[in-house]
Amino acid sequence: MGSALLGSVELGLLYAIMALGVYLTFRILDFPDLTVDGSFTTGAAIAAVMIAAGQSPLLASLAAFAGGLVAGACTGLLHTKGKINALLSGILMMIALYTINLRIMGKSNIPLLGVDTLLTDVNVLLVMPVVVALIKIALDWFLRTDLGLALRATGDNPRMIRSFGVNTDNTIIVGVSLSNGLVALSGALVAQYSAFTDITMGIGMIVIGLASVIIGEALFGARTVVRATLAVVLGAIVYRLIVAIALRVGLEPTDMKLMTALIVIIALTLPLVRKSLRQKALMRRRAEELRARGSRPPQEVKR
């Protein structure tokens, strides 16, 4: 059980980079980007092909990041310049990337057994927290720059930020591009950790990313950007731990997609349920106070 939990923490750290990318579009830009399912595999495919060909794993990971940037930029261009709905733009790019990824790989899967990767002979629990922390700090810094503030304002109120002369098309393209770059980098690292790349490994990544974001925000809060990005990283780890525990208690691996969907549904509806219960409790307390003063509650007055 202990080794399984440690493995889950390792995977959580690897997927945390992808979750940060999803946070960038889902929370900062308010952009429902489904490109993630394709760009995750794109990063893994580029890294696997280059490493299998004898290239440096570091160079392969950077190339994977660049590939994700290009994929995200294409989605942003479809939406901003092609005037295609944001959701549909992501779906179209995700479908296109399936064929592109097959072209990159040349076959449906690439094994990486017996070749050196960034994670070969490395203690992932010691190295990945540093890598994730550096990426988180870099993202926090970026979101405080003028471009980052414009990005946040575009997600909050695009009409207002346009009135200040900011080109929101450019900020959307930059945000979606950076998001998918992080997703592709995560895919490259997961491929090196797992020692293989498969054409279907990106399916459902958007849901896993959303689950990480929502769980993190629900458990750790998101009042500031720094706290929100930390919550996303911790949410990714908590999600992998939940999956590991679910497998240990008897759930089949084929049930994981359904469980992930249920986690997201519960995490999304729980705040609404809490708010409704708080409002009812407040109204009940107010009614009791009015009765104690000898006044009738508003409902009784109407009757």
Side-chain angles (χ1 to χ4, degrees), residues 16-36 38-40 42-43 46 61-87 89-90 93 97 130-189 206 209-210 212-213 216-217 221-233 235-236:
I17 301 172
M18 181 267 294
L20 287 171
V22 172
Y23 167 78
L24 199 55
T25 49
F26 182 64
R27 286 299 191 211
I28 298 296
L29 269 182
D30 194 23
F31 189 101
D33 183 24
L34 296 187
T35 314
V36 169
S39 59
F40 186 87
T42 300
I46 292 172
S61 299
L62 293 175
F65 177 73
L69 290 176
V70 173
C74 290
T75 301
L77 287 168
L78 285 175
H79 174 60
T80 57
K81 307 303 180 184
K83 304 303 178 185
I84 299 174
N85 175 272
L87 186 63
S89 297
M93 198 60 207
L97 283 174
V130 177
V131 174
V132 173
L134 289 174
I135 293 173
K136 178 205 176 306
I137 291 169
L139 184 60
D140 291 341
W141 169 82
F142 169 74
L143 291 174
R144 284 195 177 97
T145 63
D146 290 343
L147 180 57
L149 291 171
L151 203 72
R152 293 160 63 182
T154 299
D156 289 336
N157 193 332
R159 183 175 296 178
M160 181 202 72
I161 197 65
R162 278 196 296 268
S163 69
F164 289 101
V166 175
N167 189 327
T168 54
D169 286 358
N170 290 342
T171 56
I172 289 172
I173 293 170
V174 169
V176 178
S177 180
L178 180 58
S179 167
N180 283 280
L182 292 173
V183 171
L185 177 60
S186 176
L189 293 174
I206 183 62
L210 289 174
S212 302
V213 172
E217 290 179 345
R223 293 185 180 180
T224 65
V225 170
V226 173
R227 186 170 176 177
T229 52
L230 177 61
V232 169
V233 170

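Residue numbers start at 1 and run along the sequence shown.
Atom CG of Leu69 is separated from atom CG of Leu178 by 7.0 Å, given to the nearest 0.5 angstrom. Rounding to the nearest 0.5 Å gives a distance of 6.5 Å between CG of Leu29 and CD1 of Ile172. Note that the CG atom of Leu230 and the CG atom of Leu20 stand 10.0 Å from one another [nearest 0.5 Å]. Between Leu34 atom CG and Met93 atom CE the span is 13.0 Å, to the nearest 0.5 Å. If you take CD1 on Ile161 and CZ on Phe164, they are separated by 6.5 Å, rounding to the nearest 0.5 Å.
Residues passing the side-chain contact (heavy atoms from CB on, under 4.5 Å) test with Val70, sequence neighbours excluded: Cys74. In this structure Lys81 satisfies the salt bridge (charged side-chain N to carboxylate O under 4.0 Å, His left out) test together with Asp169, sequence neighbours excluded. Residues passing the side-chain contact (heavy atoms from CB on, under 4.5 Å) test with Asp30, sequence neighbours excluded: none. Ile28 meets the side-chain contact (heavy atoms from CB on, under 4.5 Å) test with Tyr23, Leu24, Leu143, Leu151, Arg152; sequence neighbours excluded. Shown here are the side chain to side chain donor-acceptor pair (under 3.5 Å) partners of Thr229, two or more places apart in sequence or in another chain: Lys136, Asp140. For Thr35, the side chain to side chain donor-acceptor pair (under 3.5 Å) partners are Asp33, Thr75, not counting sequence neighbours.
Taking each heavy atom of Ser212 and Ala236 in turn, the nearest pair found is OG-CA, 3.4 Å. Across every non-hydrogen atom of Asn180 and Gly68, the tightest pair is CB-O, 3.2 Å. Leu182 and Ile17 get closest at one heavy-atom pair: O-CG2, 3.4 Å. Taking both residues in full, the closest heavy atoms of Gly67 and Ile46 are given as CA-CD1, 3.9 Å, listed atom of the first, atom of the second, then distance. The heavy-atom pair separating Ser186 from Phe40 by the smallest distance is OG-CE1, 3.7 Å. Considering every non-hydrogen atom in both Ala188 and Ser61, the closest pair reads CB-CA, 4.5 Å.
A side chain to side chain contact (heavy atoms under 4.5 Å, CB included) with Arg144 is found for one member of Val225, Leu139, Val226, Leu149 and no other, namely Val226.
Although no hydrogens or angles enter the test, the distance criterion places a donor-acceptor pair under 3.5 Å between the side chain of Ser89 and the main chain of Ile84. Checking side-chain atoms of Ser177 against main-chain N and O of Val174 turns up no donor-acceptor pair under 3.5 Å.
The shortest side-chain heavy-atom distance between Met18 and Val183 falls under the 4.5 Å cut-off. Here the side chains of Val22 and Ser179 are not in contact, with every heavy-atom distance at 4.5 Å or above.
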